[in-house]
Amino acid sequence: MERQRNISEFILLGLSYDQNVEIFCFVLFLFCYIALLAGNLLILVSIRCSPLFHQPMYYFLSHLSSMDICYTSSITPKLIGDLLGGTKTISYGNCMLQLFAMHFFGGTEIFILTAMAFDRYAAICKPLHYLLIMNRTRCHLLVLAAWAGGALHSFPLLLMAIQLPFCGPNELDHYFCDIFPLLKVACTDTYITGILVVANSGMAALVTFVVLFVSYDIILFSLRHHSAEGRRKALSTCGSHITVVSLFFGPSIFAYLRTPASFPEDKVFALFLPSLLLCSIP
């Protein structure tokens with residue numbers, strides 16, 4: 001490893017060079033982060049203290065809230081601290097850790113959202129068999145599969161990042177460590193690695209989004225056989241889920257379903273990722 005790199009830290013260029021903009025962003029992100037922590041902790045406490053915890057929807061929601069806290073905490077505290085500091089640096093080891101944590105928790109969230117879509121499909125389209133389909137064992141297996149999916153997504157990215165040689169510039173044009181900014185400063189041809197990243201992250205996000213979109217199309221199509229009251233309940237249950245899926249997958253697909261070429265909009269779209277899951281609170 002030491003023969004492949006001669007740098008021990010990276011410099012994060014951050015969101016802006018304007019101090020006034022950074023102060024505004026500091027206040028905004030601090031407020032959003034506190035609100036997100038409070039909201040998710042309130043959800044966790046409410047579900048744990050309620051008999052609804054044993055219902056599949058709330059069981060998945062408790063796991064989603066936990067992953068949301070972990071995912072956001074892998075990026076936001078460092079970002080908030082850097083917005084008040086001078087030189088924004090991160091060590092090589094912490095950079096790799098942040099890269100892994102962000103993709104692991106984010107990937108796990110994506111698969112939990114998929115499990116929640118399956119739960120809604122079973123509840124609305126197969127109501128008579130719902131308790132049989134979504135038994136406790138199957139719920140545990142779906143959550144375990146979500147964790148395994150997050151690991152299968154993040155470990156290859158970590159291995160690709162670790163194998164990159166860094167022998168010159170160490171400035172990342174971003175406010176956190178991600179794979180594409182690292183590819184831009186690596187002193188080797190990263191075209192093949194970039195294609196692998198697109199296949200791992202971009203295509204995975206696109207395929208998962210298409211699967212979720214089709215599943216909700218099936219749910220909405222099946223509602224034509226329900227009463228007006230049944231349609232209202234189903235739509236109120238699925239509405240917040242559809243919203244967060246759309247808002248979360250939009251920036252993710254834009255950020256990763258492309259080659260590592262630099263676009264100024266990257267950091268703007270990435271701003272959605274640490275805070276958009278506030279909308280996942282139904």
Side-chain angles (χ1 to χ4, degrees), residues 1-17 29 70-83 85-110 150-206 248 251-274:
M1 179 65 64
E2 292 299 330
R3 290 194 299 268
Q4 296 180 6
R5 61 182 176 88
N6 59 5
I7 61 174
S8 59
E9 65 180 15
F10 294 101
I11 298 174
L12 302 172
L13 297 184
L15 291 169
S16 173
Y17 295 106
F29 275 96
C70 296
Y71 170 72
T72 311
S73 297
S74 68
I75 302 173
T76 311
K78 168 68 175 169
L79 169 62
I80 292 173
D82 287 345
L83 287 171
T87 303
K88 307 170 180 66
T89 61
I90 184 170
S91 68
Y92 178 88
N94 287 339
C95 180
M96 296 299 111
L97 178 62
Q98 187 181 65
L99 169 68
F100 172 78
M102 183 192 71
H103 282 277
F104 175 73
F105 294 121
T108 303
E109 277 194 272
I110 286 176
L152 288 174
H153 163 67
S154 55
F155 272 111
L157 289 176
L158 177 63
L159 292 176
M160 284 187 278
I162 288 176
Q163 293 175 0
L164 291 173
F166 301 102
C167 51
N170 66 336
E171 292 185 344
L172 302 182
D173 188 16
H174 221 298
Y175 55 89
F176 63 88
C177 279
D178 202 2
I179 187 67
F180 279 143
L182 290 172
L183 291 180
K184 293 173 188 175
V185 299
C187 52
T188 187
D189 184 5
T190 60
Y191 177 78
I192 299 298
T193 305
I195 296 299
L196 293 175
V197 172
V198 170
N200 177 286
S201 300
M203 288 304 299
L206 180 62
F248 182 73
S252 298
I253 292 172
F254 175 86
Y256 296 106
L257 195 63
R258 60 171 180 79
T259 58
S262 176
F263 292 106
E265 296 84 3
D266 283 359
K267 289 191 287 187
V268 177
F269 271 83
L271 279 172
F272 286 90
L273 298 179

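Predicted model, so just to flag it, every value in this text is computed and none were measured.
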Indicate yes or no: at least one non-hydrogen side-chain atom of [X] is less than 4.5 angstrom from one of [Y].
X: L157; Y: V197; answer: yes
X: L12; Y: Y175; answer: no
X: L79; Y: K88; answer: no
X: M96; Y: L158; answer: yes
X: E109; Y: Y71; answer: yes
X: M160; Y: L164; answer: no
X: F176; Y: K78; answer: no
X: L99; Y: D178; answer: yes

- request: Assert yes or no for the condition that the ring centre distance of F10 to F166 is strictly below 6.0 Å.
  value: yes
Side chain to side chain donor-acceptor pair (under 3.5 Å) partners of N200, counting only residues at least two apart: H153
- prompt: Mind checking what makes side chain to side chain donor-acceptor pair (under 3.5 Å) contact with T188, not counting sequence neighbours?
  reply: none
Trace of the side chain to side chain contact (heavy atoms under 4.5 Å, CB included) decision for N170 with V185: CA-CA 7 Å; N170 66 336; V185 299; over 6 Å; no
Write down the atom of [X], the atom of [Y], and the distance for their closest heavy-atom approach.
X: V198; Y: F180; value: CG2-CZ, 4.3 Å
X: C95; Y: L182; value: SG-CD2, 4.0 Å
X: P156; Y: A151; value: CD-O, 4.0 Å

Donor-acceptor under 3.5 Å (T190 side chain, T193 main chain): no
